[in-house]
Amino acid sequence: MKSRWNTAWLLLLALKAFGLKEGDPRASIDLQCVWMLPSGGMNCSWSTQDVNSAHVLFYQSLKFHPGETRRVEAHQGQNWVVVPRSHLKLGDVYNVRLEVRRAAGVEASEQLTFCPDENVQPPAPELDPVAVSSLGVTVTWKNPYWSEHFPHQHLVCELQYRTSRDDVWTCLGADSISQENHDLDDLDPFTSYEVQVRCIPEDGQGFWSEWSPSQTFITPEAAPLGQVDVWRDAHLSEDSEPRLHLLWKELDQKAARGNILNYTVDFWDHRKTLVASLVCGCCSVPIPTSASYAQVSACNSVGKTLPATLSLEQTDLPAPRDVRVLAAQSLGLNVTWTFSPSPGGAQPEQYVVEWRKEISRELLGWICRPFGCSSSLLVGDYEPEEPYLVTVYAVYPQGSNSSVPVRAYFQEGVPSIGPQALKDRSLSPTASLISWEGIPLANQSGQLTHFTIYLEHPTLRDSQGYRNIAARERSFALEGLEPGTSYKLQMTGSTSAGEGPAGPIHKFHTPSSHWQDYLAAFLSVGFLLILAVVMVLIKRRWFLSFCHKVLPLWCWESVPDPGRSTVIVKMDAPCAALIKDASCQAPVEPPEDPDILEITELAPPPTIPPAQVVFSDYEKHFMPTQEELQRLA
């Protein structure tokens with residue numbers, strides 16, 4: 001047991017003697033000194049930085065002034081200090097240490113041996129302007145001070161470069177480049193780059209120099225790559241007629257590989273005959289009415305892209321189905337669809353997903369997806385409560401066919417108004433049909449889920465709500481109403497964000513029961529009929545006299561037709577014909593003052609008595625008299 005304590009005690013003494021005990025503050029100061037060129041001087045720095053402590057650097061010459069120790073105090077908050085060149089000599093060796101003086105005590109760093117000839121840091125290289133040509137890019141540099149003062153010791157260097165839009169550098173090590181220049185390969189055409197160089201003594205006894213100031217350059221142009229992204233859209237012309245326009249997107253800088261000077265646009269009809277050829281800027285041009293195909297190429301000073309071809313025809317081939325649009329917060333709109341090929345096996349070359357504002361019909365963009373893809377993320381700056389219309393097209397060599405447009409919202413809100421123009425129509429004393437106009441699209445603020453009717457009448461304290469009326473409905477039958485009662489009605493619309501404000505108040509009245517109406521009408525008509533009969537009986541003579549005066553004679557007086565009388569039939573033919581002719585003529589009104597004639601009656605000659613004719617009372621009453629017969633003769 002005693003031997004174990006002796007061993008532990010000896011180990012503790014050893015740690016104390018060599019300064020290696022755990023938590024030794026000297027290990028955390030990390031003092032480092034370097035000889036700086038071209039100004040000369042010793043730059044010492046450390047990792048700790050405490051504004052509430054003082055940092056004092058001590059250095060002592062080992063060759064020329066071994067007994068003299070000098071000190072330099074750093075400014076407050078500063079973690080470095082510079083010993084001027086005038087206080088140091090080349091070829092000498094120095095012991096350097098740092099003391100950190102705090103209120104709790106003094107901490108010292110490990111002692112450092114510094115030699116100006118070995119602990120040297122070359123100055124940063126000087127870069128010449130970068131040489132750019134069609135053959136490549138050459139970077140050259142020099143370090144005149146080092147070459148002048150240390151001709152016997154060479155430098156090795158590192159190079160790093162990056163594009164102006166990147167944050168990460170591409171580094172080339174000392175074994176990959178020479179001491180004075182380097183050719184850069186595999187750079188992107190027409191791209192801005194910056195390059196830096198740093199060096200270190202070849203023997204490795206020293207430190208890396210600072211990076212040189214950046215040199216920037218732009219690589220030469222090259223012929224553009226890829227194809228232009230082409231689409232078409234309908235615009236309203238000056239006479240408000242829809243007209244197709246050809247649209248395309250600018251090539252990005254990586255594909256353009258230079259300044260795009262113009263675009264070549266060619267239109268062809270269905271017989272492959274050139275209709276029009278244009279050279280224009282970006283990025284829209286009207287489509288001729290006879291055009292069936294369009295081709296667009298981007299041109300720079302070196303060349304142009306392959307033409308992008310778009311068929312302008314519509315086709316009956318299958319279109320995408322089951323299009324769904326969901327908002328992906330902070331990202332955009334996520335679109336999915338399905339596709340079923342035709343029985344003939346025709347497959348589209350690609351899909352085009354376009355989106356626009358539904359109210360203004362402004363096209364916001366389109367994106368192409370290869371066949372086999374069934375989803376796309378539409379990234380953009382979307383406004384809340386704004387309706388957007390998303391359509392997916394299947395593009396074939398023969399033309400394109402579109403899906404049903406789908407309305408989408410990036411962020412929904414509650415409707416700003418309720419349903420308008422409420423009307424009612426009575427179905428029965430206990431039921432009424434309520435109809436209304438839908439909420440305008442600009443006021444919906446989201447996908448309408450349902451309507452709510454609030455009904456109020458005097459016998460109810462609170463309004464009664466009829467919920468879950470489908471948003472597509474424009475009428476609803478209210479049942480269970482009370483006959484002959486006045487009601488007040490309001491409606492609201494709801495989205496996934498909640499219920500909006502109520503619309504205007506509509507008042508209506510339910511009719512009373514029908515049997516009461518029928519009974520009242522029957523009694524009223526019966527009373528009027530009885531009253532009319534009583535008045536006719538009481539005023540009979542006045543009524544007949546009134547009829548005689550108002551109505552024509554044929555309406556109330558019966559006049560027989562002499563031509564149809566049996567008496568006339570039994571008379572001799574000449575007399576009967578005479579009577580018939582007289583009956584056909586218009587009646588002759590007798591003169592106002594007839595002349596009085598004296599007639600001398602003569603003795604009748606003997607005649608054969610006529611045959612005995614038997615007359616009925618009716619005929620006797622209407623038989624013409626002898627005077628009438630003579631007048632007719």
Name every donor-acceptor pair, under 3.5 Å, that has one atom in a side chain of residues 416-425 and the other anywhere in the protein, sequence neighbours excluded.
residue	atom	partner	partner atom	Å
Ser416	OG	Asn443	O	3.4
Ser416	OG	Asn443	ND2	3.0
Gln420	NE2	Gly418	O	2.6
Asp424	OD1	His506	NE2	2.7

Side chains of residues 291-309: which donor-acceptor partners sit under 3.5 Å, not counting sequence neighbours?
residue	atom	partner	partner atom	Å
Ser292	OG	His270	N	3.3
Ser292	OG	Glu313	OE2	2.7
Gln295	NE2	Thr309	OG1	3.2
Asn300	OD1	Val302	N	3.0
Asn300	OD1	Gly303	N	2.9
Asn300	ND2	Ala222	O	2.8
Asn300	ND2	Ala256	O	3.3
Ser301	OG	Glu221	OE1	2.3
Thr305	OG1	Ala298	N	3.0

Without placing hydrogens or testing angles, list every side-chain donor-acceptor pair under 3.5 Å for residues 177-185, not counting sequence neighbours.
residue	atom	partner	partner atom	Å
Ser178	OG	Asn181	N	3.3
Ser178	OG	Asn181	O	2.4
Asp183	OD1	Thr138	OG1	2.7

Would you mind writing out the side-chain donor-acceptor pairs for residues 167-175 within the sub-3.5 Å range, not counting sequence neighbours?
none

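Proximity of a side-chain donor or acceptor of Asp229 to a complementary backbone N or O of Ile367 within less than 3.5 Å is not detected. The backbone N or O of Gln411 sits nowhere less than 3.5 Å from a side-chain atom of Tyr382 that would complete a donor-acceptor pair. Judged by distance alone, with hydrogens and angles left aside, the side-chain atoms of Arg257 form a donor-acceptor pair with the main-chain N or O of Ala223 at under 3.5 Å.
Using bins of under 30°, 30° to 60° and over 60° for the plane-to-plane angle, the ring pair Tyr393/Trp231 lands in the perpendicular bin.
One side chain, Thr338 or Asp322, offers a donor N or O that lies under 3.5 Å from an acceptor on the other. Looking at Gln196 and Ser214, their side chains do bring a donor and an acceptor atom within 3.5 Å of each other.
A search for ring-ring contact (aromatic ring centres under 6.0 Å, His included) contacts involving Phe508 returns Tyr487, not counting sequence neighbours. For Gln329, the side-chain contact (heavy atoms from CB on, under 4.5 Å) criterion is met by Ala327, Phe410, not counting sequence neighbours.
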Go through Phe451 and Glu473 one step at a time and tell me if the side-chain contact (heavy atoms from CB on, under 4.5 Å) criterion holds. CA-CA 9 Å; Phe451 294 116; Glu473 299 293 339; 5.7 Å; no

